[in-house]
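All chains are named by letter (A, B, ...) in the order of the sequence lines, taking the proteins before the strands, and each is independently numbered beginning at 1.
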Amino acid sequence: MESRFFQDVYEVVRLIPKGRVTSYGAIAAYLGAKKSSRMVGYAMNNSHQQPDYVPAHRVVNRVGMLTGKHFFGPGNEMQTLLEKEGILVKDDKIINFKEFFWDPQKELTV
DNA sequence: CGATTGACGTACG
DNA sequence: TCGTACGCCAATC
């Protein structure tokens, strides 16, 4: 697979510490393609068929909204997973998202 | 091969 | 402040 973009996305997502979250755009920016933020979301969609588990529930949009919660299950499974990690979610949005935000570009060596 | 779509983000009115 | 329009790029129809 030459598309190392997806692989990098999965790798970064796996590196997200428990109880922390990040955004699609942040990951895209870390990979040097912030214009392709949509591809990050697409990668998440494909992450379900990846051999290794990808904590996609720790990835939300720039506002901290659980836009892809429907991809986890019929109910609020994504929200449940986040709350289980200590992240409070209200109205499909992460409370204090700014505090829980984990910037790969900042945490990981650029 | 062209058109449409999408787990985003920014710009504009 | 809120809603709409558009750009990006890969996958799907």
Residue A/H70 excluded, over 12 heavy atoms near NE2 under 6.0 Å: no
Distance in angstrom units between A/R4 CZ and C/dA10 C1', rounded: 17 Å
Distance in angstrom units between A/M39 CE and C/dG7 C1', rounded: 12 Å
Stepwise side-chain contact (heavy atoms from CB on, under 4.5 Å) check, A/F101 with A/R20: CA-CA 6 Å; A/F101 186 72; A/R20 290 298 201 85; over 6 Å; no
Touch class at under 4.0 angstrom, heavy-atom based, for A/H48 against every strand present: base
Separation of atom OH in A/Y10 from atom C1' in B/dA7, rounded to whole Å: 12 Å
Donor-acceptor contact below 3.5 Å, side chain A/D91 vs main chain A/K93: no
Rounded distance (Å) that lies between atom P of B/dC8 and atom NZ of A/K35: 17 Å
Sugar-phosphate, base or nothing in reach of A/N61, heavy atoms under 4.0 Å: sugar-phosphate
Nearest-angstrom distance from the residue atom CD of A/Q79 to P of B/dA7: 18 Å
Rounded interatomic separation in angstrom, taking CG from A/L81 and C1' from B/dA7: 15 Å
Minimum-distance pair of heavy atoms, taken over all atoms of A/G19 and A/F100: O-CD2, 3.4 Å
A/Y24 side chain to A/Y42 backbone, donor-acceptor under 3.5 Å: no
Distance in angstrom units between A/F5 CZ and B/dC8 P, rounded: 13 Å
Side-chain-base donor-acceptor pair under 3.5 Å for A/R38 and C/dG7: yes
OP1 or OP2 of B/dA7 under 4.0 Å from side-chain N/O of A/S47: no
Phosphate-side-chain proximity, A/R62 and B/dT10, N/O vs OP1/OP2 below 4.0 Å: yes
Comparing A/Y42 and A/G25 on DNA chain B - which has the more 5′ nearest nucleotide: A/Y42
Separation of atom OH in A/Y24 from atom C1' in C/dC9, rounded to whole Å: 17 Å
Base of B/dA7 and ring of A/F71 stacked, centres under 5.5 Å, planes under 30°: yes
No-H, no-angle donor-acceptor pair, A/S37 side chain to B/dC8 base, under 3.5 Å: yes
